[in-house]
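Letters A, B, ... mirror the listed sequences (proteins, then strands); counts begin at 1.
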Amino acid sequence: MMTPNERMTSRLGLWLWRFWAMTLKELIQLGRDGLLVFAIAYLFLFDTYMAGNVGMNLNNAVVVVHDADQSAASRELIYRFQPPYFKQGGEVADVRTGQRLLDTGGALVVLDIPPRFEHDLLTGRPTAVQVQVDAANTVLGFLAASYSSQIIGQYGFDQALARLGQSASALENVPIVQSEHRVWYNPNQKDAWFMPLSELLVVITIMSIMLPAAAAVREKERGTIEQLLVTPLSSLQILLPKVVAMTLVILLGTAASLGLVLHGAFDFPMKGSLTLFFTVTALYAFTTAGLGLYIATIARNLAQAALLAILVLMPMIFLSGAWTPPEAMPAGLRQAMYLSPLYHFIEMGYGILLKGAGLEVLWDSLLGLTLLGAGIFGFGVHRFRRQFG
Amino acid sequence: MGKTALVSDAAPVVRVEGLRKRYRKQTAVDGVSLAVQPGEIYGLIGPDGAGKSSLMKAVAGVLAFEGGRIEVFDQRIDSEAAAEKVKGRIGFMPQGLGLNLYPELSVEENIDFFAELREVPQAMLATRKARLLAMTRLDRFRDRPMKQLSGGMKQKLGLVCTLIHEPELIVLDEPTTGVDPVSRRDFWAILTQLLRERGVTALVSTAYLDEAERFARLALLHGGRVLAEGPPQAILNAAPGTLVELAAPAQMEALERLKPHFPDIEAVGGRIRVFVPDGAHAAALERVHALLDGLEVHETSASPPTLEDAFIILLRREQAVEEEQRTVARRTDDPPPADGVAIEARGLTRDFDHFRAVDQVSFSVRQGEIFGLLGANGAGKTTVIKMLTGILPPTGGAGAVAGADMRHAGWAIKERIGYVSQAFSLYQDMTVRENLRLFARIYGVTRQHLDARIRRVVELTGIGKVCDELVARLPMGIRQRLALACALVHGPRVLFLDEPTSGVDPIGRRRFWEILVHLARVDGVAILLTTHYMSEAEHCDRLALMHAGQLIADDTPLALKDALQREAGQVLDIAAAPVLPALQALEAAGMGQPALFGRRLHVLAQDVDATRARIRTLLEGKGVTVHDITLKMPSLEDVFVHRILARERAEAGR
Ligand SMILES: Nc1ncnc2c1ncn2[C@@H]1O[C@H](COP(=O)(O)OP(=O)(O)OP(=O)(O)O)[C@@H](O)[C@H]1O
Ligand SMILES: [Mg+2]
């Protein structure tokens with residue numbers, strides 16, 4: 001028999017003691033699941049690292065030239081296609097060879113300079129160069145086309161100035177509009193910052209749905225829930241430790257990813273308050289877990305849970321702006337974005353880490369995140385209680 | 001087995017030579033050699049973790065092994081491809097409740113699926129299915145999804161699915177674990193019939209040693225090696241001795257006097273069973289009487305030991321039986337003065353959709369009492385327990401547990417009860433100690449007392465050696481002890497045990513019962529349990545028998561036996577050879593519900609002498625040798641079988 005003094009007496013103490021026991025149990029179980037540990041490490045470290053390397057930059061795009069003029073002017077134009085955006089791929093004898101290179105992927109851009117190019121320039125006759133771009137990858141093709149036209153336009157502009165007999169230093173006397181871009185927050189427009197950060201935020205989302213769902217479904221699948229149900233644990237005492245344990249794991253993964261990948265490999269600036277960022281992440285992971293719990297009430301086994309999670313994740317990510325910028329969305333969908341917690345999370349993540357913004361700016365996102373999160377979590381817990389309460 | 005004559009000198013169906021199998025650091029099978037002849041039932045027995053399951057899996061071609069060789073149907077099993085060649089001729093059922101089945105499919109769909117897989121012709125399917133479903137009493141539940149079946153029903157369905165293609169070699173790992181006594185008898189009848197009619201061969205393991213007495217040959221495995229092999233009689237001969245049974249009012253005193261001389265001693269209900277290592281009955285009785293000189297002793301009897309006794313003695317010789325820390329003598333004869341009702345059920349009812357699983361069940365259990373809930377598979381035992389423990393809300397009725405009302409004080413009840421579920425439900429990816437810690441903390445055992453508390457239950461259940469092992473690696477019997485330890489870690493006043501000993505070996509079961517008796521008698525814990533081992537039911541203070549959701553009897557074991565004698569007559573125990581034709585002859589003649597018990601037959605008779613004479617003439621007329629016919633005190637199995645069959649007959653007649 002157990003004597004009374006062997007048992008906890010204070011109610012709060014008992015609650016915390018149970019909470020601790022269950023959280024520890026979740027962590028032990030997670031640690032024993034080698035495959036899961038591997039998946040977590042892979043997503044947080046390797047996947048975000050990969051995302052930083054496969055950015056959508058025009059990077060050394062191969063340019064081949066058909067130079068029918070072979071003049072100083074044509075060479076100067078060709079010379080302007082330079083790294084990092086372009087790379088010289090040499091000359092071809094005729095345009096058809098160039099096209100074949102486009103077809104086979106040997107080149108992204110074919111620059112065709114007509115005969116008498118220099119002559120026409122010098123005599124002031126209008127002339128044209130042809131640029132052919134492989135637009136199979138729309139974004140890259142678009143970038144290549146616009147950079148090329150920019151280079152050629154600038155070249156034409158310089159030539160026109162020269163013909164007017166004016167040097168570049170006399171530029172201020174010419175009435176022109178200078179379009180001056182200033183790219184803020186990501187001055188070099190490095191995708192190596194944008195991509196891994198959005199990837200990290202997506203990984204956090206996946207984990208905060210999948211991990212609690214897996215932990216809860218496993219209890220159902222293996223029948224261990226039955227033993228818990230005869231103990232004096234409330235359904236909240238069964239659920240909360242799962243969510244808390246998984247949130248801890250997610251925070252740990254986030255810290256590792258930020259430190260090792262974003263900061264370590266890509267020199268991410270980390271402008272804002274890290275405390276604020278981790279607090280927001282914890283809030284986000286915790287509340288999004290509600291979706292995982294809801295999935296666990298429907299799914300009968302892990303496979304089903306994984307499928308359901310994908311079903312939930314796809315629209316969430318699609319509406320978040322991580323893959324498609326909000327500006328590219330039709331108006332209706334743009335409104336719907338406010339319903340994706342990931343949208344608010346990304347706003348805050350970028351805001352804090354890239355812009356160094358604080359709560360005074362981000363309060364609306366935080367409000368959105370909190371309201372959505374509370375709703376989702378409440379719903380998940382409610383469903384779980386209905387099933388096992 | 002009367003059919004041993006059938007066993008020819010033909011090439012064996014299964015030949016195992018020097019088989020070795022290791023799991024990481026643990027050796028599971030350590031040089032086993034055996035041969036299974038065509039048309040025989042070859043049995044594997046042995047304590048938990050002896051290597052039975054590994055051996056059977058290797059023979060079925062689903063487990064790779066390191067050393068030795070296995071031949072099945074003259075095909076050497078040394079690769080997946082080789083195993084594939086003979087798989088069509090083998091039917092294998094792994095251990096565990098319905099592990100090979102599909103939960104979402106109905107009973108019938110599961111069977112059809114397996115039939116299709118095994119390419120059973122449509123014409124045969126219908127007859128075989130009908131026969132197997134009738135034999136397992138599952139025909140009423142054809143459309144029920146497998147996941148809604150009771151534990152034993154799942155087991156039986158697994159069996160049906162394994163037998164549906166009538167394989168030439170049947171490999172069954174504890175097929176009757178969790179199956180009720182009536183269905184178990186039918187199962188062996190069907191298997192014997194398949195053997196006789198189709199020349200099927202079977203390799204079967206079992207934890208019921210009374211069943212093992214019917215096997216043609218057996219191997220007793222221990223620590224991955226064969227300890228003894230041969231027909232049941234050969235194993236019995238390896239442990240010669242006499243079993244003395246007696247009743248002594250001063251039971252504790254009697255036990256204390258006998259224990260130092262005869263370590264194999266057991267208190268069953270009010271009686272003492274003691275094994276005397278001496279062949280001669282008279283001499284054995286004399287020695288026991290001499291030791292008990294001066295004590296009142298009655299109803300003494302001497303009989304040859306059962307296979308279970310031999311099993312324990314052979315293992316004790318191997319020092320495989322841990323010496324019990326506590327002696328059975330701690331048992332006091334009477335339950336402690338009742339300090340109130342521990343469990344009370346009043347008209348408990350539970351419906352699943354339109355099916356009434358539990359119908360108006362009422363009973364009460366006092367503190368310190370061991371209460372056994374018996375019944376066929378699907379009778380509703382687990383459902384009753386689930387309602388009392390608060391897992392399942394009742395459709396109707398009320399109840400009180402540990403002094404708290406079920407409806408309003410669910411939380412208070414949960415604090416005071418311990419529960420071992422029918423399907424193992426602890427964390428397999430954690431160690432034994434981690435599981436114990438978890439549950440101790442959940443029940444609020446404080447940090448200072450945690451280790452001491454855990455040490456106590458570990459000692460009590462004898463799982464000290466495996467404390468740091470992952471539960472997934474433990475054999476079934478040890479897992480069950482862990483489940484009990486977890487249920488005891490908070491010192492509950494009331495214990496609910498749903499088939500706690502299913503699949504546990506005889507040694508583990510004896511030990512289990514010592515713990516339970518100790519808990520009830522010394523600590524005054526009320527215990528409600530279910531079991532399909534009728535010999536265990538003898539330990540209970542009171543028994544309730546359920547049938548189709550209703551309680552059909554509720555009394556002490558003794559009163560139930562008396563009632564049987566009053567209603568149906570005395571039990572005649574017939575030793576005859578060959579036994580199966582004898583059974584058929586008695587059945588054909590419609591003589592007092594004959595039933596096979598081990599290798600003997602039991603018949604109920606009102607007029608003992610006349611019946612005895614009639615049986616003799618009948619059997620001898622059929623060419624059966626009758627060794628002897630004795631009057632026997634009815635066992636609980638007699639009671640169970642009679643009651644259930646009587647009910648079924650009444651329902652069929654209605
Ligand atoms: N969730 C459920 N839905 C529908 N029917 C169910 C459900 N659970 C149990 N049953 C049915 O209730 C009946 C009683 O089941 P229960 O598990 O209580 O039997 P049992 O007496 O414990 O049997 P066993 O000896 O095989 O363990 C069975 O017919 C079973 O199929
Ligand atoms: Mg049951």
Side-chain angles (χ1 to χ4, degrees), chain A residues 1-37 214-215 218-238 241 299-301 303-304 386-389, chain B residues 97 103-104 147 385-386 388-392 410-431 434-435 437-450 452-453 456 470 472 483 486-493 496 498 519 522-525:
Chain A
M1 275 308 85
M2 191 152 83
T3 55
N5 69 356
E6 283 179 279
R7 184 173 259 152
M8 284 260 165
T9 41
S10 122
R11 289 189 64 171
L12 178 67
L14 185 61
W15 200 94
L16 289 173
W17 190 225
R18 284 176 178 163
F19 182 80
W20 159 238
M22 290 294 285
T23 310
L24 193 66
K25 173 213 123 198
E26 295 297 339
L27 291 175
I28 291 176
Q29 284 190 293
L30 184 71
R32 296 261 157 81
D33 192 336
L35 206 62
L36 201 53
V37 172
R218 216 170 20 204
E219 303 253 19
K220 232 163 80 165
E221 205 177 14
R222 301 186 185 168
T224 47
I225 190 82
E226 196 173 309
Q227 198 72 41
L228 291 184
L229 288 181
V230 294
T231 64
L233 288 175
S234 65
S235 47
L236 209 60
Q237 276 175 324
I238 296 176
R300 265 182 239 102
N301 50 47
Q304 282 186 351
R386 272 252 308 257
Q387 190 164 50
F388 299 110
Chain B
L97 296 178
E104 307 304 322
K147 62 175 178 193
I385 291 185
K386 283 190 173 171
L388 288 169
T389 50
I391 299 174
L392 207 62
W411 291 112
I413 292 180
K414 287 179 174 184
E415 303 257 2
R416 296 173 207 165
I417 62 170
Y419 169 58
V420 172
S421 70
Q422 185 170 3
F424 185 75
S425 58
L426 296 176
Y427 295 97
Q428 306 209 13
D429 46 3
M430 307 211 297
T431 67
E434 283 163 353
N435 270 291
R437 286 226 170 106
L438 171 66
F439 284 97
R441 286 178 180 141
I442 287 177
Y443 284 105
V445 178
T446 57
R447 188 188 305 275
Q448 304 89 288
H449 295 97
L450 198 66
R453 188 72 220 166
R456 274 191 64 187
L470 277 187
C486 277
L488 288 175
V489 78
H490 58 298
R493 300 294 300 143
F496 292 92
D498 199 356
L519 283 168
V522 180
D523 296 334
V525 176

Cut-off 4.5 Å, heavy atoms of chain A, and the answer for Phe496(B) is neither
Per-residue contact mode, Glu415(B) against chain A (heavy atom under 4.5 angstrom):
both
Honestly, the part of Arg32(A) sitting under 4.5 Å from a heavy atom of chain B is side chain
Among the listed options Lys386(B), Glu434(B), Lys414(B), the residue most often paired with chain A at heavy-atom distances under 4.5 Å:
Lys414(B)
Flag the one option from Arg218(A), Arg222(A), Lys25(A) with the top tally of heavy-atom pairs under 4.5 Å to chain B.
Lys25(A)
Interface moiety of Leu426(B) toward chain A, non-hydrogen atoms closer than 4.5 Å:
both
Given Gln304(A) and Asn301(A), is the side-chain contact (heavy atoms from CB on, under 4.5 Å) satisfied, shown in steps?
CA-CA 6 Å; Gln304(A) 282 186 351; Asn301(A) 50 47; 3.4 Å; yes
Side chain from CB out, backbone as N, CA, C, O: work out which of these in Glu219(A) comes under 4.5 Å of a heavy atom of chain B, or both, or neither.
side chain
Please classify the contact of Leu14(A) with chain B as side chain, backbone, both or neither, using a heavy-atom distance under 4.5 Å.
side chain
Sub-4.5 Å side-chain heavy-atom contact between Val525(B) and Leu488(B):
no
Separation between CD of Gln428(B) and CD of Gln29(A), rounded to the nearest 0.5 Å:
10.5 Å
SG-OH distance between Cys486(B) and Tyr427(B), expressed to the nearest 0.5 angstrom:
10.5 Å
From Leu229(A) atom CG to Ile238(A) atom CD1, the distance as rounded to the nearest 0.5 Å:
5.5 Å
For atom CH2 of Trp20(A), is the number of surrounding heavy atoms from other residues, nucleotides or ligands below 6.0 Å larger than 12?
no
Measure distances from Ile413(B) to the heavy atoms of chain A and classify the residue's part below 4.5 Å as side chain, backbone, both or neither.
neither
Where on Arg447(B) is there a heavy atom nearer than 4.5 Å to chain A: the side chain, the backbone, both, or neither?
both
Drop me the distance from Asn435(B)'s CG to Gln227(A)'s CD, to the nearest 0.5 angstrom.
9.5 Å
Residue part contacting chain A, namely of Glu104(B), when any heavy atom lies under 4.5 Å:
side chain
Less than 4.5 Å apart, any side-chain heavy atom of Arg441(B) and any of Leu24(A)?
yes
